Amino acid sequence: MREATPAEAALRPTAAARLSRLVRRRPRMLLVFSVVYLAAVFGVMLWRGVEIEPEWVVLALLLIAVATGRGIQFLKDWAPFLVLFIAYEAMSGFASQTGFRPMDTGRLELALFHGTLPTVWLQSRLYSTTRISPLDWATMCAYFLHFVIPLLVGFVFWMRSRALYWRFISALMLLSFLAFLTYLFFPSAPPWYQFPHEVHKVIDATIRKWGVSYYVSPVFSHLNPNQFAAFPSLHASYPVLCAIYAWRLNRRFSIGLFAWSAFVWFSIVYLGEHYVVDALASLAYIAVTVVSLELVLRRWPRLLPGSEHEGATAPVPAHARGG
């Protein structure tokens with residue numbers, strides 16, 4: 001085998017060049033690996049009837065953060081949010097024990113739709129009591145991804161801009177606590193509870209047909225979840241809030257989240273978990289949350305961590321906006 005001439009050797013990529021290319025490719029490789037990994041884990045959990053809760057999601061995200069060399073920063077940035085989020089869930093359970101009589105949201109729904117309940121209308125045309133349809137699977141998965149989507153979106157923000165991450169997480173928590181105050185003083189029942197003879201509780205029926213035992217992790221099984229926390233719908237609120245803040249980062253990403261929000265809205269009504277008015281009310285809560293937070297941050301921009309290093313409203317390069 002002949003030796004390479006000096007000219008040929010000069011054309012060969014050096015070890016440093018190969019390493020440089022590998023480093024540039026690493027984020028994309030990690031992204032692909034992360035998506036496959038999370039899809040596999042969450043798919044198995046849904047298949048076995050395990051509700052996907054925040055601690056499962058954060059554990060998976062921690063592994064990804066460690067792989068990218070940002071494990072310590074992840075723990076510092078996400079620990080306060082997790083403590084506040086679990087505290088909110090605990091208080092949400094307490095809100096169901098205040099003794100206030102639930103609002104008659106069903107009457108408002110009937111008035112809005114001229115005597116017809118959209119849930120009953122949808123289930124009469126699309127739901128089967130004898131089999132599990134693909135629509136049952138899809139809507140149930142959308143419902144169970146309630147905690148997953150905002151955490152994954154928050155992780156994307158965190159990887160791209162810590163300032164945007166803190167802005168989004170602050171909005172998420174403010175929205176949750178505004179909803180909690182409503183649950184505390186103005187509890188409301190979901191359609192399946194208020195109209196048990198007309199509305200099918202599709203999730204429970206699907207799990208029974210499926211023949212698996214539904215599992216909730218010990219952390220959340222002791223928080224006494226509130227069944228009178230339908231108005232406003234946080235299931236409807238969270239994906240819309242994600243889409244609004246994603247607009248700052250990537251237009252296509254945001255539009256995809258708005259499309260996902262529309263399917264979630266359809267799902268919660270079809271499943272009998274929320275009225276349409278619960279979802280519509282969430283828009284008002286989102287508006288109050290975003291406007292209030294942005295006004296405060298405009299007055300005191302350094303309240304959130306990360307603002308001193310990068311601007312949350314800094315322009316995104318054209319190739320990253322996707323629009």
Side-chain angles (χ1 to χ4, degrees), residues 54 61 73-74 76-85 87-89 91-92 146-186 229 231-262 264-265 278-318 320-323:
L61 297 180
Q73 187 67 59
F74 179 88
K76 290 179 180 178
D77 288 346
W78 285 72
F81 161 67
L82 290 177
V83 170
L84 289 172
F85 199 85
Y88 159 77
E89 285 295 317
M91 288 189 294
S92 180
H146 172 51
F147 290 125
V148 176
I149 297 302
L151 291 177
L152 291 182
V153 171
F155 187 74
V156 172
F157 292 163
W158 180 76
M159 292 290 289
R160 297 289 298 275
S161 165
R162 287 182 63 234
L164 181 58
Y165 160 78
W166 281 108
R167 217 176 189 94
F168 167 71
I169 289 298
S170 298
L172 188 70
M173 293 311 306
L174 178 57
L175 174 65
S176 300
F177 279 102
L178 288 176
F180 164 74
L181 291 176
T182 306
Y183 305 152
L184 188 64
F185 296 105
F186 303 99
F231 181 98
S233 169
L234 287 180
H235 278 84
S237 303
Y238 283 177
V240 174
L241 189 70
C242 291
I244 290 172
Y245 278 91
W247 191 261
R248 299 168 178 259
L249 189 66
N250 185 292
R251 302 292 192 264
R252 293 176 183 173
F253 184 36
S254 177
I255 292 171
L257 286 171
F258 275 119
W260 172 256
S261 302
V264 170
W265 281 40
D278 299 336
L280 293 176
S282 70
L283 296 178
Y285 281 74
I286 292 170
V288 170
T289 296
V290 174
V291 171
S292 301
L293 181 64
E294 293 303 318
L295 287 176
V296 170
L297 293 180
R298 183 174 298 179
R299 179 67 177 83
W300 296 285
R302 295 183 180 275
L303 281 178
L304 296 180
S307 299
E308 66 276 12
H309 300 300
E310 53 180 317
T313 57
V316 180
R321 289 196 300 267

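Predicted, not measured: the structure shown is a model, and the values here were computed from it. Only heavy atoms go into these numbers, but all of them, side chains included; no hydrogens, no water, no symmetry mates.
At least one side-chain heavy atom of Trp247 sits under 4.5 Å from a side-chain heavy atom of Ile255. A 4.5 Å side-chain heavy-atom check between Phe186 and Leu181 finds every atom pair outside the cut-off.
Classified by interplanar angle (parallel below 30°, tilted 30° to 60°, perpendicular above 60°), the ring pair Phe155/Trp78 is tilted.
Considering only residues two or more places apart in sequence or on other chains, Trp265 meets the side chain to side chain donor-acceptor pair (under 3.5 Å) condition with none of them. Applying the side chain to side chain donor-acceptor pair (under 3.5 Å) criterion to Tyr245, with sequence neighbours excluded, gives Glu294. Residues that satisfy the side chain to side chain contact (heavy atoms under 4.5 Å, CB included) test with Pro150, not counting sequence neighbours, are Phe168, Leu172, Tyr238, Cys242. Applying the side chain to side chain contact (heavy atoms under 4.5 Å, CB included) criterion to Ala246, with sequence neighbours excluded, gives Phe157, Phe253, Ser254, Leu257.
Proximity of a side-chain donor or acceptor of Tyr183 to a complementary backbone N or O of Pro232 within less than 3.5 Å is detected.
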Show me the side-chain donor-acceptor pairs of residues 280-292 shorter than 3.5 Å, one per line, residues at least two apart or across chains.
from	atom 1	to	atom 2	distance (Å)
Ser282	OG	Ala279	O	2.4
Tyr285	OH	Thr182	OG1	2.6
Thr289	OG1	Tyr285	O	2.8
Ser292	OG	Val288	O	2.6

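How far CE of Met173 is from CD1 of Ile169: 8.5 Å, rounded to the nearest 0.5 Å. With values rounded to the nearest 0.5 angstrom, Leu164 atom CG is found 14.0 Å from Met159 atom CE.
The two residues Leu293 and Arg167 come nearest to each other via the heavy atoms CD2-O, 3.4 Å. Scanning both residues, Tyr165 and Gly154, for their nearest heavy atoms gives CD1-O, 3.4 Å.
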